[in-house]
Amino acid sequence: ALPILKVGVIVSKSTLTGVQLPGPTLSQLQVRKGITVAAAFSLDNCGSDAMCTFMKSTLGSSAQFQLLSTIESASSFSLSAGVADINLGKGVTLTKAALEFQVGTETSVGLTCSFALDDPPLEFTGAVRTNLAELEVSMTMNGIWEKAFGLDFLAFGNAHFSASLIPAAATLTAFEIGGEIRIGKSSLAAS
């Protein structure tokens, strides 16, 4: 074991809810049926380890790494690996980036990424997922950007966009866009 890592691991063969482990990345873990292995680690006390010190100074002291894998049967499993709370500098934090695989009754591959801004206080999330027949793309902006682009009368936010399409047939199967906008003292919310 490396003394510089703070690690939380759980292995389960039953259903668990709200498992509390070290680090926020595993605190909301919902285990489905089957066998689940979850691990998270963060850079804690680096001591004199040069690589740990470099990673901690580059990624930030709150950086987390996570892995979640579930085997439901011999032909059904999922795997998710990612990072969280990476300081990108000057008020920008990568709150989550994960690559997800699922094999079984539905086979899919996905990528999710979220980042937060301090000023204006906004959180952005984007996701791309495919099940080999259909492609899904989604983006959200949580929060309201007051005085957008330096204009006192303009504010917008809580925006979302999603689309699904079947690439082989060039068919759009779903499309949604919405959000809030305020011009002057009037506001409009649409979805």
Side-chain angles (χ1 to χ4, degrees), residues 25-26 28-38 40 59 63-118 120-151 153-183 186-191:
T25 56
L26 294 178
Q28 300 298 321
L29 180 63
Q30 297 291 316
V31 178
R32 300 178 307 211
K33 66 179 184 174
I35 297 173
T36 296
V37 177
L59 302 176
Q64 299 240 347
F65 305 87
Q66 63 186 15
L67 176 69
L68 176 65
S69 180
T70 300
I71 301 170
E72 292 185 18
S73 70
S75 61
S76 178
F77 70 90
S78 64
L79 174 68
S80 174
V83 294
D85 299 327
I86 305 293
N87 180 7
L88 299 178
K90 297 199 181 199
V92 180
T93 302
L94 178 66
T95 54
K96 178 184 177 183
L99 184 58
E100 302 160 350
F101 299 95
Q102 184 173 349
V103 175
T105 54
E106 181 180 311
T107 299
S108 65
V109 176
L111 176 65
T112 302
C113 184
S114 299
F115 67 94
L117 302 179
D118 289 344
L122 301 170
E123 184 172 7
F124 297 89
T125 300
V128 177
R129 177 174 305 286
T130 183
N131 63 8
L132 306 178
E134 187 173 33
L135 177 67
E136 300 172 0
V137 177
S138 65
M139 291 178 263
T140 62
M141 173 183 157
N142 293 325
I144 301 289
W145 183 11
E146 300 288 341
K147 298 180 183 178
F149 306 109
L151 302 172
F153 63 88
L154 182 63
F156 68 89
N158 295 327
H160 62 275
F161 164 83
S162 65
S164 298
L165 61 104
I166 300 173
T171 304
L172 187 65
T173 57
F175 181 82
E176 182 177 343
I177 190 167
E180 297 178 39
I181 187 167
R182 185 174 64 237
I183 300 173
S186 300
S187 63
L188 174 69
S191 183

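Residue indices begin at 1 and follow the sequence shown.
Taking every heavy atom of both residues into account, Ala63 and Ile86 meet most closely at CB-CD1, 3.5 Å. The shortest non-hydrogen separation linking Gly110 to Leu99 is O-CD1, 3.3 Å. For Met141 against Phe156, the heavy-atom pair with the smallest separation is CE-O, 3.6 Å. The minimum heavy-atom distance between Ala163 and Leu172, with the atom names listed, is CB-CD1, 4.2 Å. Pairing each heavy atom of Thr173 with each of Leu165, the nearest pair is OG1-N, 3.9 Å. Closest heavy-atom contact between Ala155 and Glu146: CB-OE1, 3.7 Å.
For the atom pair OG1 of Thr112 and CZ of Arg129, the computed distance is 6.0 Å after rounding to the nearest 0.5 Å. Taking CE from Met139 and OG1 from Thr125, the interatomic distance works out to 11.5 Å, rounded to the nearest 0.5 Å. Here the CD-OG1 distance, from Glu123 to Thr140, works out to 7.0 Å after rounding to the nearest 0.5 Å. A distance of 12.0 Å separates OG1 of Thr95 from CD of Gln64, quoted to the nearest 0.5 Å. A distance of 10.5 Å separates OG1 of Thr93 from CZ of Phe115, quoted to the nearest 0.5 Å. Atom CD of Gln66 sits about 6.5 Å away from atom NZ of Lys96, to the nearest 0.5 Å.
Here the side chain of Ser164 pairs no donor or acceptor atom with the backbone of Ala174 at under 3.5 angstrom. Between the side chain of Asn158 and the backbone N or O of Gly143 there is at least one donor-acceptor pair closer than 3.5 Å. Without hydrogens or angle criteria, Ser80 side chain to Leu67 main chain gives no donor-acceptor distance under 3.5 Å.
The aromatic rings of Phe161 and Phe175 lie perpendicular to each other, with more than 60° between the two planes, well past the 30° mark.
For the pair Ile183 and Leu154, the minimum side-chain heavy-atom distance is below 4.5 Å. A heavy-atom distance below 4.5 Å is not found between the side chains of Leu117 and Trp145. A 4.5 Å side-chain heavy-atom check between Val109 and Val128 finds every atom pair outside the cut-off.
For the residue pair Ser138 and Ser162, no side-chain donor N or O sits within less than 3.5 Å of a side-chain acceptor on the partner.
Thr130 pairs in a side chain to side chain contact (heavy atoms under 4.5 Å, CB included) with only one of the listed residues (Leu111, Leu135, Val137), which is Leu135.
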Carefully, step by step, assess Cys113 and Leu94 under the rule side-chain contact (heavy atoms from CB on, under 4.5 Å).
CA-CA 8 Å; Cys113 184; Leu94 178 66; 3.5 Å; yes
